[in-house]
There are 2 protein chains.
Amino acid sequence: MAPSFGFDVIARDAGARRGRLTLAHGVVETPAFMPVGTRAAIKGATFDEVDALAPDIILANTYHLHVRPGDDLIARAGGLHAFMGWAKPVLTDSGGYQVFSLAGRRTLSEDGVVFQSHLDGRRLSLTAESAADIQARLGSDVAMMFDECPSWPATHDDTRAAMARTLRWAARGRARFEALSEGLVPDVLRSTPGQAQFGIIQGGTFKDLRDESVAGTVAVGFEAYAIGGLSVGEPTEVLYDVAGHTAAQLPEDRPRYLMGAGMPDDLVEAVARGIDLFDCVLPTRNARNGQLFTRRGPISIKNARYAEDLGPIDPACTCPTCRRHSRAYLRHLFVAGEITAATLNTLHNLHFYLDTMRGIRKAIEFGTFEAFRQAFLETYSRRQPL
Amino acid sequence: MAPSFGFDVIARDAGARRGRLTLAHGVVETPAFMPVGTRAAIKGATFDEVDALAPDIILANTYHLHVRPGDDLIARAGGLHAFMGWAKPVLTDSGGYQVFSLAGRRTLSEDGVVFQSHLDGRRLSLTAESAADIQARLGSDVAMMFDECPSWPATHDDTRAAMARTLRWAARGRARFEALSEGLVPDVLRSTPGQAQFGIIQGGTFKDLRDESVAGTVAVGFEAYAIGGLSVGEPTEVLYDVAGHTAAQLPEDRPRYLMGAGMPDDLVEAVARGIDLFDCVLPTRNARNGQLFTRRGPISIKNARYAEDLGPIDPACTCPTCRRHSRAYLRHLFVAGEITAATLNTLHNLHFYLDTMRGIRKAIEFGTFEAFRQAFLETYSRRQPL
């Protein structure tokens with residue numbers, strides 16, 4: 001196990017866990033939401049603004065940073081933390097999800113994936129080994145293993161084949177990670193000595209394949225385990241069911257990360273099923289499209305009904321946007337196409353997600369998570385509130 | 001004179017003045033630069049970020065706000081300050097400059113200008129009176145009179161005709177402003193009781209016309225005087241010569257505002273000629289195009305030479321961007337098209353302008369302005385520094 005890695009479950013409330021995850025650059029209080037900073041930047045929020053929102057950890061993207069500006073350049077700059085000016089923990093995904101979404105521009109083999117850069121058509125490749133090398137150069141606190149991400153829906157046969165290959169990549173990726181940790185890969189400049197590596201469970205919506213994936217991945221052995229291949233279009237009930245089933249098979253003493261989820265109510269439901277870590281582009285991407293989250297549900301700020309609404313987005317919100325600006329002003333900025341619309345909306349939505357996680361953590365500590373969950377789900381509606 | 005208006009010259013150094021301008025929403029230390037917030041927002045910087053940069057006054061645009069969201073809506077929201085969440089002084093330009101730039105979509109008459117909205121083609125008009133009414137509804141601290149802005153170059157005859165009409169509009173605009181101040185225009189909801197109104201001197205690059213414009217505008221009588229019709233394409237020496245000539249004719253006890261200027265060295269040169277107030281889109285607009293101001297001159301952050309430059313934009317700079325980020329990171333953000341590139345570049349450039357003004361004010365107080373000016377001009381080059 002990476003020497004700087006630690007995880008303690010400090011409180012439980014039914015299936016929900018309140019944990020403390022120690023990484024090379026600091027402690028992450030769980031359950032935690034990780035804002036997405038794909039290209040070493042949170043879209044719409046400067047790191048001074050991110051500091052004030054106070055996430056314990058953010059996410060960056062291996063594929064995008066490999067393509068531009070390059071992990072070699074970032075390593076020469078001292079690693080991702082020094083390069084982007086962020087001192088707290090960072091998790092990098094493996095790039096698999098992005099590479100597999102390049103349909104028609106990639107070729108899959110047992111070795112890995114050969115693909116064309118979305119920027120300039122350059123021929124690049126990602127393998128279990130190179131994904132580990134790139135993340136070593138980036139110097140994230142958490143590197144993700146390289147996995148195959150089949151699209152949804154997929155047959156049992158196809159899902160099984162992808163899951164089995166992912167298991168073989170797990171073994172190769174972990175071996176490379178260990179070689180990197182032991183300094184046996186001299187040509188890779190490793191930016192964060194205490195890096196941890198998380199395994200990824202695949203198996204689609206098939207519980208037998210999920211079980212097989214859990215057994216094989218845990219047998220390889222990683223600092224923690226992520227559930228991949230969900231939040232890709234399947235119905236919400238299936239997401240909850242498969243995530244819950246898979247989480248229950250994973251080791252009690254390791255964090256569980258549900259990749260790519262989700263809507264605010266998804267977070268609450270997944271925590272109830274034992275999930276500790278989340279990432280999702282929804283709060284930032286939807287902010288840029290004018291969708292703002294409130295305790296009653298999302299609202300679309302471009303709606304004409306807000307043109308003269310002098311109240312804040314959410315009366316209970318303490319974010320920088322709600323402290324200063326009305327719905328009427330935010331609608332004006334959005335309709336006018338002002339850059340600050342993206343920023344103010346992003347700050348609000350990220351605050352909403354991070355504040356929801358603070359509420360979840362407190363409720364688990366107090367043993368009141370089930371009441372929190374019921375109150376949240378009764379108030380929150382995915383349909384536009386009146 | 002508007003009851004809340006005041007101006008004291010607290011120090012002089014040759015032609016330069018160090019003043020204190022009192023407006024309805026606060027005090028402006030002059031010489032001052034006013035960041036441009038055309039549509040009730042500084043492009044690329046939230047008001048929390050603007051607060052930290054600490055300008056005493058910002059500018060907003062009458063034409064743009066009249067077209068969208070409408071001055072009536074803003075008046076119902078309590079005026080521009082309440083609408084945008086900014087408690088310090090605001091100056092609104094009269095809309096003349098924007099209307100006259102709508103070549104082919106506007107018709108000029110003695111009454112004013114009829115034009116088509118750039119957004120939806122609606123037929124709108126601006127006159128000396130309606131510009132005053134709109135600015136009364138907006139509730140800015142300083143309303144500008146409505147003037148005719150001829151394009152450059154223009155003949156003496158054309159410039160004289162425009163200047164003469166502007167003088168007639170000055171009288172009409174001031175009469176309307178006084179009627180508004182005395183509550184004699186019952187259908188206009190006036191948002192800031194202590195609003196002041198500045199006159200505008202025209203006359204192009206012809207000193208005889210400038211003299212005539214000064215005499216006529218001062219005879220009408222305004223709280224202060226602006227020099228319009230410069231920074232429109234004329235050579236720098238002409239800008240300095242005409243601005244200096246005009247400033248010298250204006251009343252000693254009133255602030256002088258050089259509209260639309262300029263480059264950093266323009267500010268220093270204009271202060272030397274007795275100018276007190278400036279506004280310009282350069283720091284914000286050029287930031288979004290990747291041009292960053294330094295003490296040695298502007299640099300283009302997209303240049304490949306900065307790809308691995310781990311130093312800040314300007315080693316002497318104390319702005320939020322230079323405190324946290326390298327040129328290499330800023331280049332990455334700009335090349336990748338990240339939103340935060342616009343924000344971080346804007347914060348730096350606005351800080352550079354505001355900090356230059358702080359340096360100017362301190363130098364005048366200490367009686368060292370001429371040394372400051374020489375040092376600034378020796379260091380600063382408009383060409384890209386090595």
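Below, chain A is the first sequence line, B the second, and so on; all start at residue 1. Only this structure's heavy atoms are used, side chains among them; waters, hydrogens and symmetry mates stay out.
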* In terms of heavy-atom pairs under 4.5 Å, which option from Arg323(A), Arg288(A), Arg76(A), Met84(A) contacts chain B the most? ->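 Max contact count across the listed options: Met84(A).
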
* When Ile42(A), Thr38(A), Asp48(A) are compared by non-hydrogen pairs under 4.5 Å with chain B, the top option ->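 Ranked by heavy-atom pairs under 4.5 Å with chain B, first place is Asp48(A).
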
* Asked: Regarding His81(A) and Asp141(A), is there a side-chain donor-to-acceptor distance under 3.5 Å anywhere?
  ->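 Checked: His81(A)/Asp141(A) side chains pair up, N/O donor to acceptor below 3.5 Å.
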
* Does one side chain, of Ser117(B) or Asp120(B), offer a donor that lies under 3.5 Å from an acceptor on the other? ->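 Result is yes, a qualifying pair exists.
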
Let me know if [X] has heavy atoms under 4.5 Å from chain B in its side chain, its backbone, both or neither.
X	answer
Arg331(A)	neither
Asp51(A)	side chain
Ala342(A)	side chain
Ala45(A)	backbone
Ile74(A)	neither
Thr343(A)	side chain

* Asked: Phe83(A) vs Tyr329(B) aromatic rings, parallel, tilted or perpendicular, using cut-offs 30° and 60°?
  ->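 Because their plane-to-plane angle is over 60°, the rings of Phe83(A) and Tyr329(B) count as perpendicular.
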
* To do: May I ask you to decide if the ring planes of Phe293(A) and Phe352(A) are parallel, tilted or perpendicular, using 30° and 60° as cut-offs?
  =>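 Because their plane-to-plane angle is under 30°, the rings of Phe293(A) and Phe352(A) count as parallel.
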
* Just give me the residue among Lys43(B), His64(B), His325(B), Arg68(B) that pairs up with chain A most often, heavy atom to heavy atom, under 4.5 Å. =>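 That would be Arg68(B).
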
* To do: Specify which of Leu344(B), Thr346(B), Val335(B) makes the most heavy-atom pairs with chain A at under 4.5 Å.
  =>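 Option with the greatest count: Val335(B).
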
* To do: Spell out, as yes or no, whether a donor-acceptor pair under 3.5 Å connects the side chain of Asp355(A) to the backbone of His351(A).
  =>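 No; judged by distance alone, with no hydrogens or angles, the pair does not exist.
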
* **Where Leu73(A) and Pro69(A) come nearest, the two heavy atoms and their spacing** =>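 Closest pair (atom of Leu73(A), atom of Pro69(A), distance): CB-O, 3.8 Å.
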
* Asked: Does atom CZ of Arg285(A) have more than 12 heavy-atom neighbours from other groups under 6.0 Å away?
  ->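 Counting other residues, nucleotides and ligands, CZ of Arg285(A) stays at 12 neighbours or fewer.
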
